[in-house]
Amino acid sequence: MTVTLFPLAIPSAFAHRWLFDEITCLYYAFCGVLFGLCSLTNLTALSSVCCLKVCYPTYGNKFSSSHACLMVVGVWCYASIFAFAPLAKWGHYSPEPYGTACCIDWHAPNEELSAMTYIIFLFAFCYVLPCTIIFMSYTFILLTVRGSRQAVQQHVSPQNKTSKAHNLIIKLSIAVCIGFLTAWSPYAVVAMWAAFGESQLVPPMAFALSAIFAKSSTIYNPVVYLLFKPNFRKYLCRDAAQCRRRVYACACCYEERPGQKEAQRNKDVSNSTRLSNGLPENHMVCRHCPDTGPPRGQVLLHRTARVMTGSTHSEVAISQLTFDLQKEIL
């Protein structure tokens, strides 16, 4: 949304009018509807997965990464149906009443039956249904956690960890539900008012404020999970650290290492000596790269001694000699 919409919305907002052509308006409206519905549907799917894992652990424990990928694909397909519909003439895209952005034409239901049916389906399947699923999911979660807590308290005294987990789930549930209602209820109310009431009486400021609330959901939904889910913070930090290590490792593979030639020369010198003096200095190690062994092209050197037996001699590791011989050599 930031990449596709902001470069078009910011100059139009400063100019107090839509600065681009009709095709760009359709593109802007399509991206806004697609990404907005994806955010809303992702939140709904996430609440249902949480309910499945907490309330029905027998099935929730079988939820794997492949199921998560299928769920994400389903979310995008679900949102794409309603985003592509106006392009197929089921509903329309047009400039918003405040004139600096484009979205669904909320005045079309007063003139076309197809546009009215589109608005009804959009309201039912993209607001009422997600809202119902989210509220029911977190209600079941709260009831399950409360029942588990009471069962535990009958046998043992209440523990701080259990109380903290219960309070955390309550806060998360309330925050998600309030966030959903705050983001999408103003836009749903204004849209229904314009579609089935006197659209000319709806002030442009109402559309502008409701659009701001709806688009802000992409910002504070991640913040809610970041604040109230410790596992989310842990996995986010882990993934960020892995990405940082990979970026540094790739950078180290391509950058010029000034000590590489000198390290090779030191290795050749140490190989030519009769008695090695330990591991050579490692000039090719990057402090950002994980310690996965010796760098490519280098061989770990061990302390060895050349033992002469008659006219023949052989090279053996010092660690294999007796203590007296090791003491005499070293």
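The residues of the chain are indexed from 1 along the displayed sequence.
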Under a 4.5 Å side-chain heavy-atom rule over Ile, Leu, Val, Met, Phe, Trp and Tyr, are [X] and [Y] clustered together?
{"X": "V75", "Y": "F125", "value": "no"}
{"X": "F123", "Y": "I120", "value": "yes"}
{"X": "F135", "Y": "I178", "value": "yes"}
{"X": "Y187", "Y": "I119", "value": "yes"}
{"X": "F213", "Y": "V202", "value": "no"}

Item checked: Evaluation steps, side chain to side chain contact (heavy atoms under 4.5 Å, CB included), between W18 and Y28 -> CA-CA 11 Å; W18 181 250; Y28 182 96; 3.9 Å; yes
Margin query: Within the supplied structure, the quantity of interest is the number of heavy atoms (other residues, nucleotides, ligands) at a distance under 6.0 Å from Y98 OH; does it exceed 12?
Written below: yes
Would you check if [X] and [Y] make a side-chain contact, meaning some heavy-atom pair closer than 4.5 Å?
{"X": "L122", "Y": "V33", "answer": "no"}
{"X": "F121", "Y": "W90", "answer": "yes"}
{"X": "C55", "Y": "I141", "answer": "yes"}
{"X": "S66", "Y": "L70", "answer": "no"}
{"X": "L34", "Y": "W76", "answer": "yes"}
{"X": "S94", "Y": "C102", "answer": "no"}

So which atom in [X] and which in [Y] form the shortest heavy-atom distance, rounded to 0.1 Å?
{"X": "M71", "Y": "V49", "result": "SD-CG2, 3.5 Å"}
{"X": "W193", "Y": "L201", "result": "CZ2-O, 4.0 Å"}
{"X": "L40", "Y": "P130", "result": "CD2-CG, 3.4 Å"}
{"X": "V190", "Y": "A206", "result": "CG2-O, 4.1 Å"}
{"X": "P7", "Y": "F20", "result": "O-CZ, 4.5 Å"}
{"X": "A108", "Y": "H92", "result": "CB-CD2, 4.0 Å"}

Note to self: Please evaluate residues F63 and Y59 with respect to the criterion ring-ring contact (aromatic ring centres under 6.0 Å, His included), reporting the C-alpha separation (whole Å), side-chain torsions for both, the decisive distance (0.1 Å), and the verdict.
What the structure shows: CA-CA 7 Å; F63 190 84; Y59 301 101; over 10 Å; no
Notebook entry, point to check: Yes or no on side chain to side chain contact (heavy atoms under 4.5 Å, CB included) for V73 and C77, after CA distance, side-chain angles and deciding distance?
Noted result: CA-CA 6 Å; V73 172; C77 292; 4.1 Å; yes
Distance-only, no hydrogens or angles: does the [X] side chain make a donor-acceptor pair with backbone N or O of [Y] under 3.5 Å?
{"X": "T132", "Y": "V128", "answer": "yes"}
{"X": "S12", "Y": "A9", "answer": "no"}
{"X": "T41", "Y": "C38", "answer": "no"}

Checklist line | Step-by-step side chain to side chain contact (heavy atoms under 4.5 Å, CB included) determination, H107 to E111 | finding: CA-CA 8 Å; H107 304 290; E111 302 173 358; 5.9 Å; no
For the atom pair [atom1] ([X]) and [atom2] ([Y]), what is the distance rounded to the nearest 0.5 Å?
{"X": "C126", "Y": "L37", "atom1": "SG", "atom2": "CG", "result": "4.5 Å"}
{"X": "I134", "Y": "C50", "atom1": "CD1", "atom2": "SG", "result": "11.0 Å"}
{"X": "L43", "Y": "S47", "atom1": "CG", "atom2": "OG", "result": "6.5 Å"}
{"X": "M136", "Y": "S48", "atom1": "CE", "atom2": "OG", "result": "12.0 Å"}
{"X": "K53", "Y": "T144", "atom1": "NZ", "atom2": "OG1", "result": "14.5 Å"}

Notebook entry, point to check: Residues two or more places apart in sequence or in another chain: which of them pass disulfide bond (SG atoms under 2.5 Å apart) with C51?
Noted result: none
Margin query: Please determine whether side-chain hydrogen bond (donor to acceptor under 3.5 Å, both in side chains) holds for the pair S39 and N42, giving the CA-CA distance in whole Å, both sets of side-chain angles, and the decisive distance to 0.1 Å.
Written below: CA-CA 5 Å; S39 173; N42 270 318; over 6 Å; no
Next item on the list: Could you tell me whether the side chains of S185 and Y127 share a donor-acceptor contact shorter than 3.5 Å?
Entry: yes
Note to self: Can a side-chain donor-acceptor contact be found between S210 and W184 if the only test is distance below 3.5 angstrom?
What the structure shows: no
Item checked: Steps toward side chain to side chain contact (heavy atoms under 4.5 Å, CB included) verdict (V54, F140) -> CA-CA 9 Å; V54 174; F140 287 149; over 6 Å; no
Checklist line | With L87 via side chain to side chain contact (heavy atoms under 4.5 Å, CB included) - residues at least two apart | finding: F30, F84, Y93
